[in-house]
Amino acid sequence: MKIGAVRGMRDILPEETPLWRHLEAEIRAAFRLYGYREIRTPLLETAELFSRGVGEATDVVHKEMYVFPDKKGLLLALRPEATASVVRAYLEHGLYAKGGLAKLYYFGPMFRYEKPQKGRSRQFHQYGVEALGSLDPALDAEVIDLASYLVERLGLPREGLFLRINSIGCRRDRDRYREALRDFFEPRQAELCSDCRRRLSENPMRILDCKHPTCQPAIQAAPRSTDSLCGECGAHFQEVLAQLERLGLPYELDHTLVRGLDYYTRTVFELASKDLGAQDALLGGGRYDELAEMLGGPPTPGVGFAGGMERLVLVLRERLELELGRELDVYLIPIGEAPEVKRTAAWILAQLRRAGLAADMEYLGRSLRKATQVAARLARYALYLGPDELARGEVKLKDLGTGAESAQAIGAFERPEMLKRMLARG
RNA sequence: GGGAGCGUAGCUCAAAGGCAGAGCACUGCGCUGUGGCCGCAGGGGUUGCGGGUUCGAGUCCCGUCGCUCCUCCCA
């Protein structure tokens, strides 16, 4: 093979697209039930949107983002995530001026320049929701309930799933918390790995994310973000948790959950699966009450989540052996090379399709036996047309389920309703 | 960014320095114009790519590209 796909970019082959379509349909249906409407934003944005929104210092932006200048030298980026884009669109089109809550969902490819591995490629696909315009903790709970309903609806077994949740507070809380972490880890630098010693000055909250065993004792003993919450943020978090309990959604408080995007405030959560490898997060999200301002808009609170399609496919592929069914109604097999036969066959095909029947024809000149085998795999009916049939003005219709054959007048193909009745009878 | 393993037919994999193979899939035939079972036959390959060692390299060495997994980070 001369030219292959770009590293980290995968083809989704016809074998797998039915599963993708199924998942997308279920996800859309769930989003609709919760009152979300679809938004589609460009794959390409100015790089600044993400460096300001997601954060210049985050891995996603400064290490993993595809950035390049366009022909005028403007720095563009392939979106590494969608929340910043959605908020940008919300501000740009003045959706806040329309009043009320904007509940939006999206679907589509995202790009991050990383080492591809299980459950992670450079182009990957996310689905997600964003609820913009309300501070109500009930909305945090609703978004989490939606995530939970979604995985239920998709048939993921509850045992393999766990919901982690935490609150990192508002900006002032986070500033205070960062100081508390610095004060705590500063004298314990010797207990930290080299990465974490660097994080100590750059972004001490990321130390909590570290999986390095040597860091664990210090991390366990570290102050918790929930202890730095102001009164409002503390009350908000308590109400979110109370709502989750009322909804019957089990969760585990994870004080080390801080997430890698700068825009998060207050509630952060993750739904993870034990069936995935190192990349176990199925979906993740939280609140981002300051993002709109960071992008130059009016203060607009928001909460949402994003999930990875590839990871859903990984977890569901075996479990969801879809009854694909045969995708064709009719497979037409012309017999011999006579031009008049082939022309009539082509005409019949066209009529079938216009009558709304999925139909295809044997184009490879395979033996009748082989062609019939292929027909049986693809279609419910086989249609045979050879010189004999043509001379009689007929075709042979074979029900590939029962094996029953009957002769049908070619003229019948001029009337779609006749066709449908013919095939419905079987 | 760091680490480990692997690249041979469309797919899954053999060949432990000496003739590139099997199963599945594909095509034809047994069954002259009709599927599911069975049998027979056939087509398929620059062994990822480039260099090196050797009488001889799929096999050993170096490089490169790619894949997989871990770490990291995240969806």
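So you know, we letter chains A, B, ... as the sequences are listed, proteins then strands, and number each from 1.
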inquiry  = Suppose you measure atom P in B:rG35 against the same atom in B:rC26; what distance do you get, rounded to whole Å?
reply    = 15 Å

request  = Could you please name the option among B:rG33, B:rU34, B:rA75 that lies closest to any side-chain atom of A:E405?
outcome  = B:rU34

key: Closest nucleotide among B:rC73, B:rG66, B:rG33 to the A:Y384 side chain   = B:rG33

request  = Look at all strands and tell whether A:G285 reaches a base, only sugar-phosphate, or nothing, counting heavy atoms closer than 4.0 Å.
outcome  = nothing

key: Base B:rC73 paired with A:R259 side chain (donor-acceptor, <3.5 Å)   = no

message = Students often get this wrong, so: under 4.0 angstrom with heavy atoms, is A:R112 touching a base, only sugar-phosphate, or nothing?
response = base

ask   = For A:P387, which contact category applies under a 4.0 Å heavy-atom criterion: base, sugar-phosphate, or nothing?
value = base

inquiry  = At 4.0 Å (heavy atoms only), tell me whether A:L283 reaches a base, stays on the sugar-phosphate, or touches nothing.
reply    = sugar-phosphate

query = Among the nucleotides B:rG28, B:rC69, B:rG35, which one has an atom lying closest to any side-chain atom of A:Q117?
reply = B:rC69

inquiry  = By the 4.0 Å heavy-atom rule, please label A:L312 as base, sugar-phosphate, or nothing.
reply    = nothing

task = Taking atom P in both B:rG5 and B:rG10, compute the distance separating them and give it to the nearest angstrom.
result = 28 Å

Same-atom distance (C1') from B:rA20 to B:rU8, integer angstrom = 8 Å

request  = With the side chain counted from C-beta on, respond yes when A:I27 and A:F107 share a heavy-atom pair under 4.5 Å apart, and no when they do not.
outcome  = yes

ask   = Just wondering, do A:R79 and A:F50 contact through their side chains at under 4.5 Å, heavy atoms?
value = yes

task = Classify the nucleic acid contact of A:E270 as base, sugar-phosphate or nothing, counting any heavy atom under 4.0 Å across all strands shown.
result = nothing

Under 3.5 Å donor-acceptor pair, A:R120 side-chain atoms to B:rC73 base atoms = yes

task = Taking atom C1' in both B:rG52 and B:rU59, compute the distance separating them and give it to the nearest angstrom.
result = 15 Å

query = Would you say the base of B:rG36 and the side-chain of A:R369 have a donor-acceptor pair closer than 3.5 Å?
reply = no

task = Write down the distance separating the C1' atoms in B:rG17 and B:rA57, rounded off to the nearest Å.
result = 7 Å

inquiry  = Say we look at B:rU71 and B:rG39: how far apart would their P atoms be, to the nearest angstrom?
reply    = 47 Å

inquiry  = Let's test your reading of the model: under 3.5 Å, does the base of B:rU27 pair with the side chain of A:Q373 as donor and acceptor?
reply    = no

request  = Give the nucleotide from the list B:rC72, B:rU34, B:rA75 with an atom nearest to the side chain of A:R311.
outcome  = B:rA75

task = Indicate, with a heavy-atom threshold strictly under 4.0 Å, whether A:E81 touches base, sugar-phosphate, or nothing.
result = nothing

ask   = Under 4.0 angstrom, heavy atoms only, what part of the nucleic acid is A:D388 near: base, sugar-phosphate, or nothing?
value = base

Residue A:K398, side-chain heavy atoms: nucleotide from B:rG28, B:rG35, B:rG33 that is nearest = B:rG35

task = Check every strand shown and say whether A:G336 touches a base, only sugar-phosphate, or nothing at a heavy-atom separation below 4.0 Å.
result = nothing

request  = Remember a base hit wins even if backbone is also touched, and classify A:G119 as base, sugar-phosphate or nothing at under 4.0 Å, heavy atoms.
outcome  = base

task = Kindly point out which of B:rC69, B:rC67, B:rG33 is positioned nearest to the side chain of A:E389?
result = B:rG33

task = Determine whether the aromatic ring centres of A:Y288 and A:Y264 lie less than 6.0 Å apart.
result = no

ask   = So, do A:R178 and A:S228 sit near enough that their side-chain heavy atoms are less than 4.5 Å apart?
value = no

ask   = Between A:E394 and A:R392, does at least one N-O distance fall below 4.0 Å, as a salt bridge requires?
value = yes

inquiry  = Rounding to an integer number of angstrom, what distance separates B:rC24 and B:rG30 when you compare their C1' atoms?
reply    = 22 Å

ask   = Are A:R182 and A:E179 close enough for a salt bridge, meaning some N to O gap below 4.0 Å?
value = yes

message = One thing to verify: whether A:K63 and A:E114 come together as a salt bridge, which I'm taking to mean a side-chain N less than 4.0 angstrom from a carboxylate O.
response = no

query = With sugar-phosphate meaning primed atoms plus P, OP1 and OP2, does A:K370 contact a base, only sugar-phosphate, or nothing at under 4.0 Å between heavy atoms?
reply = sugar-phosphate

inquiry  = Suppose you measure atom C1' in B:rA25 against the same atom in B:rC31; what distance do you get, rounded to whole Å?
reply    = 23 Å

